[in-house]
Structure formats: C-alpha cells, structure tokens
Amino acid sequence: MESSRDHDKLAEALRALRPAPSIAFAAELDARVAAGFPRPAPSGEAPLARFGARLRAMKPRQLLLPAAATALTLIVVVTIVVANYHASHLNIDTSPGGATTQARPTGAAASPERRANEGELLGKITRGYASAGNAVETPALPSSSSAEAEAPAPGIVESIPRDQSQGFNASVNHRDIEHSAQMTLGADPEDVGDAAGKVFEAVHAAHGIVLRSSVQNGSAGHAGAQFDLLIPSGRLDDALAAFSGIAEVRSRNDGTVDITAPTVGVGERLQDSQAKIDGLLSELAGSETETEREAIEAQLTSERRRSARLGAQLESLKKRAGLSHVSLKIVTGGSSTSSGGGWDAGDAIGDASHILAVAAGVTIVGLAILGPIALLALLLWLAYRAWLRRGRERALG
Amino acid sequence: MSQVLVAPAEEAPREADIAFEGLYRACRDDVYAYVASMLRDRAAAEDVTATAFERAYRKRSRFDRRRGEPRAWLFGIARNAALDELRRRGRHAELAAEPIDDAGAAVDESAEESERRLAVAAALETLEPRDRELVALKFFAGLSNAEIAAVLGVSESNAGTKLHRAVTKLREACDGVL
C-alpha cells in the first residue's frame, strides 16, 4: 500500500517535470502539419540535390518502375554487347585448314585480287574439272550453314592477305580459299524452261562453265532443273545475284574451305622433286659405267613420275581455289512458304520460340550480371544499417 | 530568413492524412517531452520533434498497422532522430544537460510538492541515459510497456524489467523524499 502511494507520488512528481513545448513552437508545428510539411522551393538547389530529394520523396512502388526499366535497359545493353562480341569472334575464325560458312550479300562486288586469278585458270578448266577435283585430299571438310545443305563441291581460288605468323609457311602471305554455293529457286512448271535459259545466260555472263545440267518438264513437283556450275570465284557474288533474280530464292548456302596448307605443301614437294631430278641429271652426266647409268635412269624415271603427279595435284588445287562450284536447282510445286520463302503459322511459332529463347538468354545474362551486384548492394545496405544502429546506441551512452 | 514554400507534388491518400493528423494531435506534446528529456536542449528538441513528425509524415503511407501500433512507430522515428542528433553533436545527453525545464511546475504547489519535485529532478539527473530514456518513455510520453518494447526493439517482459530497475534506481536516488 505504502509502495503504491510512493509510486503515485513519483509519477506525480515526474509528470510535473514533464517538458512541454512552447506555444510558439506548437503553433508553428501545427501550421506545418496542416500544410503537409511543404518543401522549400527548388530554385536555388543544385540539380543533383534536387533529383536526390525527389527520389527520396518517392514511394517505393513509384521507384519500382524506373528501377525495373533501368535494370532492363542495362540487361539489353549488356546482352547486345556480349552477343556482338561473340559474333565478331565467330566471323573471323578462318584458321588454316578450317572451314567457314557464311551468308553472302547478294550482288556483292568481287575483289580485284580474285578477278586477277581468273584469266590463267579459265584456260585450264577445259581439261576436266571433275577428275582433277578429287586428286588431292584436303585436311578439312567444308561445312554448311544449313542442315539440309549438301556438302560443297570443290571450287576455285581466292587470295586473301593474311598474317604470316598464322600460316604454316612463313613465306606465304595469302590464303587459298575454296568456295562453294548451293541455291534452290522456286518457279512455276511452265516457267522452268525459261528460267533454265536465264541460268545459262547468267553463267555465260560470268564466264562460268556448266558442268552438268538437266531440265525436266512436267507438272508441279515433277518439273524442275538442276545445274552443276563452275563460276570464277571473283564473279561468284555477281553470278549468285543474277541467279537470285531469275526466280524466287527458296534456299541458299555458301561454304568456304581453306586449302592453303595442301597447296603450299604440294608446291614445296614439287620443288623438292624438281631439284632431285636436276641432281639425278647431273649424276647421270657424270656416270661412267653402264650399271651406274641404268640405276640413275631408273631413279630419274620414278622421280619424274612423282613430279608429274605433284604438278597435277597443284594444278587441281589451284583450280579448286580459282573456280567456285555452284549447285543450282529449280524446283516446282509446293507453296513458297513451305520452303521458307514466306511466313506462316509454323514460322510464327518458330519465331516465337526463337524470341523466347533469346529473351531467356537475355534474362540469364542479365541475372548473372545484376545478381552479384544486387547481392553486394544488399550486403552493403545491411552493413550500413548495422553500423547506423550501433552508432545510435553508442550515442545514448 | 524567408523561404518560399511549395506544396507537395503528390496528394497522399486521404485516409493516411486523417490518421496522421490524429496521431499528431495525440502525440505532439509526448514526443516533444521524450525528445527534450533525451537531448536536454530545448531548441534541439524542437528541431528534432519537427524532424520526427516530418519523417513520419513522409513515411505515413508505408506504415503497416500489422507491424505495430502507430504510437510506437512514431516514437521509434523520434528516437532515431534524437539519437542522430546526439551522434551529430558527438556528445551524450547528460553532458549537454541544461537545467530542467521548469514549465511543469505549478504556481500554487505546496512546499512539500516543490521539494519532492526538485528531488526527483535531481535524481533523474543521476540516472544513466538509458534509464532516463525509459523513465521518459513511461512517464513523459505515457507509453505502455508493450509500446516501449516496440520502440526499443526488445521483448515486452524485458522492457518491463528494465523499466522497473530504472524506477527503483530513481526512487533510491530520491533519498527518502518519497
């Protein structure tokens, strides 16, 4: 009972000690509350400070949209940069002996270097491409950009300046590239003959050669034409552009194979062989006995045979690098859309899945970048909160 | 110095405005009393009180009643503002002590009451800042033990125990006046 009375007295004494706000302060604070705590006019404030003040005044859900937009923009930019980086590395991958496949711009101009090789090579073509084309094994196989594409046939030459340090022979400063192309054109059955005629004209205009051709008349699906062509590599782009103008292009695949290594290798072996022949001839001139002469002549015969074989191989390789093999088909029947020339529901589904895959990739890349940053920011924020809390408690003593 | 004032660009929800208005009316003097007892500086107490209410006003739409009483929420903001002020000035509340505000003294109080009040005031000065804060929250601000616990971030029983110890210390410091 006594304790309760003491407590009441203590409480009463404390209430009497309770600090009270001044009337002026209370009135001023009342006014500010009634006005909704107006902010000072931002006219004299620095733009950055003003922006910071506006950010602080925003509600979290108002900040969500701009933050999400910023994050999305960041993700897109990073993805584009990463994608371009990878694309640029893929496009320059033409290592010795390696095969590359790429889409060519229609009607692109041929390089002067490529045109320069054509004259001497065209003269040798009539000796037969087909037999020479398989004379030498190349270390690399051509590849295709399309699953349905056929393996590119041997073709002709292109000289491309190249960093010497990358070559197998330091004296070689160009690459021998074999080109090939496959193209399918779609036409109506009654137009097949006309289109085939235009193909011949285009081949002639490009100074090319028709190795094989077959034209089939008939109904849609049966009518068609097929051509195996050799086109000088320097005119390949022009020829393909001309073919594209004949009828609707339903598919096109370009392939390249670097045959620098076998070309240089065969050339070096040929030089060695010729040097050996010269040496044998000298030995033959200086031989004194019949037995000795016969032995040298036997070696000489064998070496000349080998030299001739190497010469044929080298010529074959030069032809492959100088002439591009083009396989051209003219097909009829079926809608152009079914062959990829148009756009239908199937294409739409394909496009949609492609877009979804890209979006998923973008999201993964974005998360991979933003995730650690967000985690770091969270840790920093938590550390700041802990530091602030400790500082406040310490301030109280 | 005159300052051009502009109204906030965004209108807050009317319900939140009304709730804040009621909270302000109910707690203005309590918050001031609590802050003044911590800072022992009338001018600073006015600034901090205004700052606390402004912060609460800006955050009023973020308040979630499920996470606690609005009164405890407001005093939590006021406590942080007062502690920030103490940190900024780099001093403890007791080092900055001013003479106890005499505004609460009644003109017609008896000599016994006056003596008791002075004794309690002197005893209050001897308390640790944390104990004085508990006394202020309980007797100046009129918070319940549950609200004190929410403000300090401790359990209710812990808050009650701490408060009991602080009051016991205060009573002992009064040296038989009570």
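To find a chain, count down the sequence lines: A is the first, B the second, and so on, and within it residues start at 1.
With a 4.5 angstrom heavy-atom cutoff, V135(B) touches chain A only via side-chain atoms. Both the backbone and the side chain of F139(B) have a heavy atom closer than 4.5 Å to some heavy atom of chain A. Neither the backbone nor the side chain of R389(A) comes within contact range of chain B; no heavy atoms are under 4.5 Å apart. For E393(A), the parts lying under 4.5 angstrom from a heavy atom of chain B are both the backbone and the side chain. In this structure, no portion of A34(A) lies under 4.5 Å from any heavy atom of chain B.
For R394(A) and W387(A), the positive end is not near the middle of the six-membered ring at less than 6.0 Å and at most 45° from its axis.
Under a 3.5 Å cut-off, the side chain of E147(B) and the backbone N or O of S144(B) do form a donor-acceptor pair.
We find that D30(B) and R71(B) are joined by a salt bridge, their nearest charged nitrogen and carboxylate oxygen being less than 4.0 Å apart. The pair E172(B)-K169(B) fails the salt-bridge criterion, with no side-chain N (NZ, NE, NH1 or NH2) lying under 4.0 Å from an Asp/Glu carboxylate O.
Note: E46(B) leads R25(B), E46(B), R130(B), K138(B) in heavy-atom pairs under 4.5 Å with chain A.
Identified under the ring pair (Phe, Tyr, Trp, His ring centres under 6.0 Å) test for residues 66-90 of chain B, with sequence neighbours left out: Y34(B)-F75(B), F63(B)-W73(B).
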